K.L.:
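First the structure, then my questions, so here it is.
We're numbering straight along the sequence, starting at 1. For ligands, and for the atoms within them, numbers begin at 1 and follow the listed sequence. In this text the structure is predicted, and so the values were computed from the model without any measurement.
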Amino acid sequence: MTPTPPFTDEHEELRASVRGFIERELTPHAEQWERDRWFPDEVFGKLAAQGLLGLKYPLEYGGQGGDYLHDAVLVEELARTGSGGTAAGIGAHVSIATPPIWKFGTEEQKQRYLAPAIRGEKIGALGITEPGAGSDVAALNTRAEPVAGGWIVNGEKTYITNGVRAHFIVTAVKSTSEGGHHGISFLIIDRGEGVSSSKLEKLGWHASDTASISFQDVFVPEQNLLGGLHEGFALIMANFQWERLAMALGAVGAMQLAWERTVAFAHERNTFGRPLAGHQAIRHRLVDLATSAHTCRCVTYDALRRFVAGEEPVREVTMAKLLTQRASFELMDACLQIHGGAGYMREYWVERAARDARLGPIGGGSDEVMREILGRVLGL
Ligand SMILES: Cc1cc2nc3c(=O)[nH]c(=O)nc-3n(C[C@H](O)[C@H](O)[C@H](O)COP(=O)(O)OP(=O)(O)OC[C@H]3O[C@@H](n4cnc5c(N)ncnc54)[C@H](O)[C@@H]3O)c2cc1C
């Protein structure tokens, strides 16, 4: 089949090999990891051995020397684990924790954090959200007080993916007493004295490690300042486009998988003397779902194409995030409905898929925040 732009034959070859690896090494364990509420840290090592934690990073740090399109393949294919939590834990490391170090880090920081992260030896998390600051990022209150040789950090982060297992947390802090847009900085905080985490129970993404992290009088040396002092807001903004694209790609992958599995079920399950797929109402529903999945793919790939071409496609990326996350949840709900009572049972994948998809309209900037951005971009 001809690849859909912006992907080329080379990307499709990568896709086939990534898919094979995921279906062999991750998918068979995903159910157990969901039950355990945890996937093992060794997964990072396995991915690293395939070069998958550094697809877009330069060779000098142990990466594969590729670009965002190679990572896009990985992010979309991770949906094939069938476990949103597993995909999220890997995604947080690859798509949100390490990119700021790559873009804004000093050479020494790249050697100390990025290279071991690519080797799967150090796991990363991005710590921005706080109990009192989610959508309103500028309201964050984790305080970094300057002291000789660095800062003392006090405060609390919440809902942080990889928050228990992470060896380092790329952390947004208030570096002036006023904070806000001109008073936020980023520190790379190592797990150590004064850093404690507690895991949170949640509706979906069970295999992922979502945690509150408390910082109590944590000394952070000055060489761990990431980017410019008080320039952290720009750093937050810099990765939002990729994070949102990654979420859209994840939704596109999950929708495709759910559709394929539901079509298979609709051919197997008989009611009133024929397979479900033989009933016009179900067939039409499946057609609508395929149309929705295709629309989401087109909108996402268009945003991705612009992004890799070096445009600043805020409008297209925001639309892709807004469209795909809600559409994915709606598609999962429709797939669950087609499964009937089975769809409500833990033993069927679709129950989990529906729970997992519910995060999309909240995380990485909620639907309401996307609409606010679009309102501005569209000049409303
Ligand atoms: C499973 C999970 C994993 C996460 N992982 C991470 C992570 O790794 N790192 C990290 O930093 N964060 C992470 N988050 C946090 C996530 O980004 C936030 O939950 C999200 O940005 C929303 O913030 P909030 O929860 O504080 O909601 P709030 O900001 O309190 O918003 C509550 C509701 O009000 C709406 N709302 C807010 N302001 C407005 C407005 N002006 N107009 C209209 N509606 C508005 C919101 O859209 C939302 O529906 C994660 C969250 C979850 C649930």
Side-chain angles (χ1 to χ4, degrees), residues 34 37-39 75 83-101 117 123-142 155-174 184-189 197-215 226 232-233 235-244 246-247 250-251 254 318 321-322 325-326 328-329 352 354-376 380:
E34 285 282 316
R37 301 285 200 267
W38 189 266
F39 68 87
V75 172
S83 156
T86 304
I90 299 165
H93 179 80
V94 172
S95 297
I96 59 175
T98 51
I101 302 179
I123 300 167
L126 179 71
I128 297 177
T129 306
E130 300 184 359
S135 307
D136 185 6
V137 176
L140 65 87
N141 207 25
T142 292
E156 195 178 343
K157 297 289 172 182
T158 196
Y159 312 144
I160 306 304
T161 307
N162 294 340
V164 171
R165 69 170 99 226
H167 298 97
F168 65 88
I169 304 135
V170 176
T171 311
V173 294
K174 190 165 132 179
I184 291 174
S185 302
F186 265 86
L187 298 175
I188 309 175
I189 303 187
S197 303
S198 49
K199 197 159 173 287
L200 301 164
E201 277 297 309
K202 51 199 189 292
L203 175 71
W205 282 21
H206 283 173
S208 77
D209 148 28
T210 309
S212 287
I213 306 179
S214 159
F215 301 108
L226 185 61
F233 205 77
L235 192 146
I236 294 177
M237 293 299 136
N239 200 50
F240 264 161
Q241 296 309 303
W242 174 242
E243 177 180 1
R244 289 169 185 164
M247 288 185 71
T318 311
K321 162 76 169 65
L322 178 62
Q325 306 306 298
R326 181 55 64 177
S328 174
F329 179 62
R352 179 167 75 232
R355 284 186 289 103
D356 285 351
R358 188 59 188 86
L359 190 270
I362 300 170
S366 65
D367 282 1
E368 291 74 18
V369 168
M370 294 305 102
R371 290 195 175 94
E372 276 301 291
I373 295 170
L374 283 167
R376 277 197 299 276
L380 300 173

K.L.:
Assess the side chains of Ser83 and Glu34: does a donor N or O sit below 3.5 Å from an acceptor N or O?
P.N.:
yes
K.L.:
ring-ring contact (aromatic ring centres under 6.0 Å, His included) with Phe233: which residues, sequence neighbours excluded?
P.N.:
His181
K.L.:
Working to the nearest 0.5 Å, report the span between NE2 of His93 and OG1 of Thr161.
P.N.:
13.5 Å
K.L.:
Side chain to side chain contact (heavy atoms under 4.5 Å, CB included) with Ile160: which of Ile213, Thr210, Leu200?
P.N.:
Ile213
K.L.:
Could you pull out every N or O of ligand 1 that sits under 3.5 Å from a protein N or O, with the distance for each pair?
P.N.:
residue  : atom   : partner : partner atom : Å
ligand 1 : 5 (N)  : Tyr159  : O            : 2.8
ligand 1 : 5 (N)  : Thr161  : OG1          : 2.9
ligand 1 : 8 (O)  : Thr161  : N            : 3.0
ligand 1 : 8 (O)  : Thr161  : OG1          : 3.3
ligand 1 : 9 (N)  : Leu126  : O            : 2.9
ligand 1 : 11 (O) : Ile128  : N            : 2.9
ligand 1 : 11 (O) : Thr129  : N            : 2.9
ligand 1 : 11 (O) : Thr129  : OG1          : 3.2
ligand 1 : 12 (N) : Thr129  : OG1          : 2.7
ligand 1 : 14 (N) : Tyr159  : O            : 3.3
ligand 1 : 23 (O) : Ser135  : N            : 3.4
ligand 1 : 29 (O) : Ser135  : N            : 2.9
ligand 1 : 29 (O) : Ser135  : OG           : 2.6
ligand 1 : 47 (O) : Ser366  : OG           : 2.4
ligand 1 : 47 (O) : Glu368  : OE1          : 2.7
ligand 1 : 49 (O) : Glu368  : OE1          : 3.4

K.L.:
Does Tyr159 have more than 12 heavy atoms from other residues, nucleotides or ligands lying within 6.0 Å of its OH?
P.N.:
no
K.L.:
Quick check with a 6.0 Å cut-off and a 45 degree axis cone: is Arg165 positioned over the face of Trp38's six-membered ring?
P.N.:
yes
